[in-house]
Structure formats: structure tokens, C-alpha cells
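First up is the structure itself, then whatever we jot down about it.
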Amino acid sequence: MTPSKDSGSKLIIGNGKILLEGDIDKYSVPDLWKRYHQIEDLQNIEQVDLSKAGLLDSAGSIFIEQIAIDIKQANNLDKPYTELITNYNDDQGHTLKIFSQSKLEDSKPVKPESFFEKIGSNVIDFGRSLFDAMVLAADIFYWAIVGIWKKKGARKGSFTQQSLLIGLEGVPIVAVLSIIIGFILALQAAAQLRMFGAEIFIADMLGYAMLTEMGALITAIIVSGRSGSSIASEIATMKVSEELDALKMMSINPIRYVIVPKFYAMTVCMPLLVVMSIIVGIFGGLLIAVFYLNLSPSAFYNQLINVLTFKDFITTMIKSTFFGWAIVIIGSFYGLQVEGGAEGVGKATTFSVVTSIFTVILIDVVFSLLYLP
Amino acid sequence: MKEKKPLIRVKDLVAKYGETTILSDINVDILENEVTVILGSSGCGKTTLLKNILQLQKPASGSIEVFGEDLTTLSENEYEEILKKIGVLFQNGALLNSVNIFENISIPLEQHTKLPPEIRQKIIEVKLGLVNLSHAIYLKPSELSGGMKKRAALARAIALDPVILCCDEPSAGLDPLTSADLDKLILNLKNQLRMTVLIVTHELASIHRIADKIIFLDQGSMLFNGTIEEARKANIEQIDAFFEVGSF
């Protein structure tokens with residue numbers, strides 16, 4: 001069975017037959033296939049002669065059989081194509097028999113879905129997923145409310161642990177990105193405002209933008225990437241390794257035990273992170289106001305305080321809480337939906353982050369329309 | 001009767017994980033057209049021996065000859081040429097989850113041959129037919145049961161018509177019936193394709209079904225190499241205990 005790379009195989013036509021010489025294996029078939037396709041007419045050819053053929057493997061066997069099938073069709077022959085293969089020895093006959101395509105005729109493989117079938121099944125899948133996500137959200141809210149009074153089935157210390165993971169460990173990255181965004185926003189605006197002598201309005205622009213939009217949005221996007229992915233991958237890994245089933249078998253509700261602590265932590269930490277983001281972002285802008293536009297900090301503060309309203313602050317806090325809930329629900333949903341082991345965990349994490357960011361922006365649009373000044 | 005030649009020859013093999021010696025002084029020949037089973041209790045070094053033979057782990061000392069070539073001294077290209085004649089069935093199938101079964105089997109054919117797509121397609125269909133999995137050609141591995149995954153992985157392992165087929169715990173995680181079916185399939189393929197088969201397992205039923213020869217490992221040493229009948233007559237305490245527990 002050891003295949004040879006340079007077998008010097010030949011395909012010769014003559015005397016009403018195709019004569020194959022040398023080893024007919026995976027190394028010689030590519031060249032023989034090209035030579036075979038140079039034959040213009042298979043008519044008057046009635047057999048494939050293996051009298052000078054050497055070793056056959058699965059590729060060679062299938063190649064020979066394909067020639068026989070083509071000869072049968074070209075000449076409209078009545079006999080089975082296997083009878084067109086002649087002068088083979090016992091070993092070659094054995095190989096031809098094992099790799100015969102004739103056995104495959106009964107078992108038609110399932111064809112992949114067509115383009116429109118794929119669209120249809122994707123729409124149905126989306127509908128089902130949406131419904132499942134709603135059911136999960138209802139479950140999480142139920143257990144989150146019930147859990148306030150009923151401590152049974154909760155993991156001790158999990159709220160603190162999750163708050164540290166989602167909140168405290170997220171502080172540095174949220175702070176750094178917020179100060180950079182505030183800095184850039186102010187820098188871009190400063191150049192324009194300076195042309196009109198309206199430098200002082202940088203405080204209005206920055207304060208309003210950070211309070212109503214940027215602070216919450218920056219934080220939500222960072223938390224989606226950081227905590228959303230971590231929630232999805234943690235739950236997905238627990239699902240794959242049957243830890244969630246084990247919890248069920250211990251009569252512990254996995255949603256109550258695993259997801260609700262994250263939900264509580266997100267409810268508390270998300271608004272706090274947003275507040276920090278707003279303050280730090282405005283501080284970034286203040287640096288530009290002071291060092292680039294030569295405004296005094298007190299003038300900046302006085303201008304800023306005029307534009308910030310309590311209503312905007314409350315709206316942002318409510319909005320950021322919704323962002324946090326969406327991130328937990330989506331992360332948990334993709335984690336619980338996981339199938340197919342390690343690869344599934346990766347997919348769940350990716351889908352979770354993409355969907356979270358999309359949903360956060362969607363919620364932002366809804367809030368912007370509802371609370372349009 | 002024609003004397004069988006060894007396709008794999010392990011000489012004075014020592015394998016280590018860090019400072020811990022896993023295998024010591026292993027000397028064994030795997031003969032052509034035979035099913036050789038490496039067995040022993042958990043942690044005895046069965047999989048380590050297989051991984052050393054395949055060079056997935058480098059031995060601390062000793063040599064491993066496959067088709068007369070010492071793998072420990074071969075260049076990367078020479079080693080790859082040898083690998084083309086070896087098919088490996090991993091414990092969990094090790095199918096690529098991101099692509100379907102057709103593409104999984106197509107990988108070695110695409111990478112190592114210049115076969116035209118029409119012939120490749122037929123080869124894949126025929127190989128899947130051999131493992132009774134024609135209906136699953138376009139399914140993803142995640143859509144298959146454990147037994148089906150093993151069969152699909154077997155189809156991939158035999159894609160290039162290997163001379164040697166190595167199987168790591170083929171029965172692991174399978175029910176007795178599926179396990180027996182897989183054993184029959186391996187035996188059938190071995191007879192049809194005239195392959196030399198090397199299997200790592202500790203499933204006694206499986207060993208009885210398919211083994212021509214057994215290599216018994218115990219705590220990193222080779223206690224026995226021969227047929228099952230010879231093993232039973234050898235009066236080696238550990239082997240007797242192994243077979244006794246299995247027959248219980």
C-alpha cells in the first residue's frame with residue numbers, strides 16, 4: 001500500500017481500450033486526470049485495461065471507475081460499468097471493490113440548505129431566540145425581585161464578588177477611556193468655538209454631551225466588552241461542563257444562583273461607573289479649557305453647573321441601569337444557548353458582545369427619543 | 001508463512017514530563033497487518049507511548065523507527081512524508097468544529113495531494129460510506145453523536161489510505177454496543193485496506209475483539225508483549241489481575 005510519488009504512470013489509448021500503466025494512486029491521478037480529459041472522444045472505447053497497472057489506492061480506484069462510467073455513458077453500453085474494467089489482479093480487484101462508488105447509490109447525502117432556505121431558517125431562529133431571551137429576562141427579573149426577600153438558593157458573598165469584578169475592576173479602563181474621550185471632544189470643539197470667540201461654551205457642550213450621552217455610552221460599551229463577554233463565557237463554560245445541570249440536580253435554580261448576583265451587581269455598579277465616567281470625562285475637557293483655551297476653572301465650573309440638570313442626571317442613571325440589565329441578560333442568554341463545546345463558548349462570547357453593543361445603542365435611541373429636550 | 005516485518009520499532013524509549021519519568025526502557029516492534037493494542041491501567045503511560053511514537057511528544061532518549069526511518073533524527077519534511085502514511089484517530093475525534101464533515105475529511109486530501117475536486121469529492125463519499133456515515137456529509141461535528149464523531153474522525157484518518165492507523169482510546173465515552181460497532185469497523189477497515197493498526201485502550205471487551213498482539217504497560221514499564229493467550233499463560237500478577245477484574 002505504500003504510495004510512490006513518481007510512478008511514471010501512463011494513460012494510453014488504442015485498440016478500443018484505455019490502457020493504464022504504472023501505479024494509479026493519489027500522486028499519479030492528478031496528471032492522469034489531465035491526460036484523460038484531453039481525450040476528445042470516448043466512442044469506440046469499450047474497456048479500461050489494467051494489465052500493466054501497478055498499485056491502486058482509493059484515488060486510483062475512483063479514477064478508474066470514473067473512466068468506466070464515462071465509457072459506458074458515451075457508448076450507451078448495456079453492461080454494468082464494473083465489467084468495463086479488465087485484466088486486474090486479485091489485489092487490484094480487492095481495492096476496486098472496497099472503494100466502489102456503486103455502494104453509494106442507495107445513500108444519498110443530505111444537501112446543504114439553499115440561499116432562501118437559509119434566510120427562512122434564520123428568520124425563524126431569530127424569532128425563537130427573541131422569545132427565549134424574553135422568557136429568560138422575565139425569569140431573571142422574577143428571581144431578582146423574589147431574591148430580595150428570599151435568601152435560599154443564593155450564593156453567599158456572590159454579590160460582593162460580582163460587584164468587585166464588574167465594578168471595581170472596570171474602574172481603571174472606564175476612567176482612562178473617559179478622560180481621553182473628554183479630552184478629544186473638548187479639543188475638537190475648542191478649535192471651532194475659538195473661531196467665534198465662544199470658548200466658554202465648551203463647558204456647556206462637554207457637560208451636556210458627557211452627562212446625557214457619552215458617559216453612559218462609553219461605559220456601556222466597555223462593560224459590554226469586559227463584563228458581558230466574561231458573563232457569556234462563564235455561563236457557557238458552566239453549561240458545556242454540565243455545571244448548570246449539576247446545580248439543577250441539587251435543586252438549586254441556576255438563574256437564581258449564577259445570574260441574579262451578576263444582575264444585582266450590574267444594577268448597582270453600572271450607574272456608579274457612569275457617574276465616574278461623566279466626572280472624569282468632564283475633567284479631561286477641563287484640561288483643554290484651562291491649558292488650551294485659557295479659561296479659568298471657576299468660569300468653566302459656573303458655566304457647567306448651569307447646563308447640568310437633575311432630570312438629565314436621573315434619565316442617564318435610569319438609562320445606564322437599562323444598559324446594565326441588557327448586558328447581563330444578553331450575556332446570560334448566549335451563555336445558556338451554547339452548543340458544541342469549546343468552539344461554542346467562543347461563539348457565545350462573540351455574539352454576546354456584538355448583540356450587547358447593538359442593544360445598548362438601540363436603548364440609547366429609545367431614551368433619546370423619549371426624553372428629547 | 002511469510003514473516004511479518006515491523007513497521008514501527010521502539011528502542012530503549014524513555015519518556016519524561018519534566019523530571020518525572022513516565023516510560024522507561026520500552027522496546028517493542030509493531031508488525032505489519034496486525035492489530036496491536038497498548039493496554040494497562042490509567043496513568044501507566046499508554047497514551048504517552050502513542051504520542052512518543054507519533055512524535056507529538058519528544059522522547060527523553062531512545063529511538064522510534066517507522067518504515068525503517070528513525071523519526072527522532074528526521075527533518076521536518078521527511079517526518080511529514082512519513083505522517084502521510086499514518087492515520088490517527090484521537091480520543092475525542094478531534095474534528096474541526098468550525099467546518100462540516102465533508103471539509104474535515106477534505107483537509108488532508110487538499111493539503112497533501114493535487115487530486116481534482118471531482119475525485120476528492122468521490123473519495124470523501126466513499127470513505128464516509130465505509131464508516132456508514134454517508135448521510136452526515138454536510139453536517140457539523142456538533143450535530144453528531146459521540147459514536148458518529150468517532151466514525152467521521154475515522155473516515156478522516158483513512159482519507160489518505162494510511163499504511164498505519166493509530167487509535168487513542170477509540171471506545172472512550174461510548175456505550176458497549178457503539179463501542180463494539182466501532183471495533184468491528186476498525187477491524188473491517190484493517191482487513192479491507194490491509195492496514196497495520198495500533199490501538200491504545202483499557203477496554204477489555206474491545207481488546208478481546210480486535211487484538212492480535214497486546215503490549216501491557218505497568219507504571220511506565222513494559223510487562224508483556226505478545227498474544228492474549230500468551231499473556232494469560234505468562235503468570236504475571238498485574239496482567240492476571242487486569243483480566244480477572246475485566247471478566248468479573
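Throughout, protein chains are lettered first and strands after them, A, B, ... in sequence-line order, and every chain is numbered starting at 1.
- Rounded to the nearest 0.5 angstrom, B:K122 NZ and A:S61 OG are separated by 12.5 Å.
- To the nearest 0.5 Å, atom CZ of residue B:R120 and atom CD1 of residue A:I62 are 12.5 Å apart.
- The backbone N or O of B:L115 sits nowhere less than 3.5 Å from a side-chain atom of A:K26 that would complete a donor-acceptor pair.
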Walk me through it: do A:D91 and B:R194 pass the test salt bridge (charged side-chain N to carboxylate O under 4.0 Å, His left out)?
CA-CA 10 Å; A:D91 278 353; B:R194 289 157 193 178; 2.9 Å; yes
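- In A:Y88, the OH atom is not crowded: 12 or fewer heavy atoms of neighbouring residues, nucleotides or ligands sit closer than 6.0 Å.
- Atom CG of A:D90 has 12 or fewer heavy atoms from other residues, nucleotides or ligands within 6.0 Å.
- Scanning both residues, B:P116 and A:P30, for their nearest heavy atoms gives CD-CA, 4.3 Å.
- Residues meeting the side-chain contact (heavy atoms from CB on, under 4.5 Å) test with B:A211, sequence neighbours left out: B:V37, B:I207, B:I214, B:I228.
- A pairwise comparison of heavy atoms in A:F63 and B:I119 identifies CA-CD1, 3.8 Å as the closest pair.
- Applying the 6.0 Å contact sphere to NZ of A:K239 captures more than 12 heavy atoms from other residues, nucleotides or ligands.
- Under a cut-off of 6.0 angstrom, the local environment of CG in A:D125 is crowded, with over 12 non-hydrogen atoms contributed by other residues, nucleotides or ligands.
- Although no hydrogens or angles enter the test, the distance criterion places no donor-acceptor pair under 3.5 Å between the side chain of A:D57 and the main chain of B:D161.
- Nearest approach of B:A159 to A:S58, heavy atoms of both residues: O-OG, 4.3 Å.
- Only the backbone of B:N191 comes within contact range of chain A, judged by heavy atoms closer than 4.5 Å.
- B:I123 places none of its side-chain heavy atoms less than 4.5 Å from the side chain of A:F99.
- For B:E143, no part lies under 4.5 angstrom from a heavy atom of chain A.
- Among B:K114, B:K140, B:M195, the residue with the largest count of heavy-atom pairs under 4.5 Å with chain A is B:K114.
- Inter-residue side-chain proximity for A:W33 and B:E118 is flagged as met; some heavy-atom pair is nearer than 4.5 Å.
- Annotation: salt bridge (Lys or Arg N to Asp or Glu O under 4.0 Å) contacts of A:K10 (sequence neighbours excluded): none.
- Looking only at heavy-atom pairs under 4.5 Å with chain B, the residue among A:Q66, A:H94, A:K34 that has the most is A:H94.
- Counting heavy-atom neighbours within 6.0 Å of A:F351 CZ, excluding the residue itself, gives a total of 12 or less.
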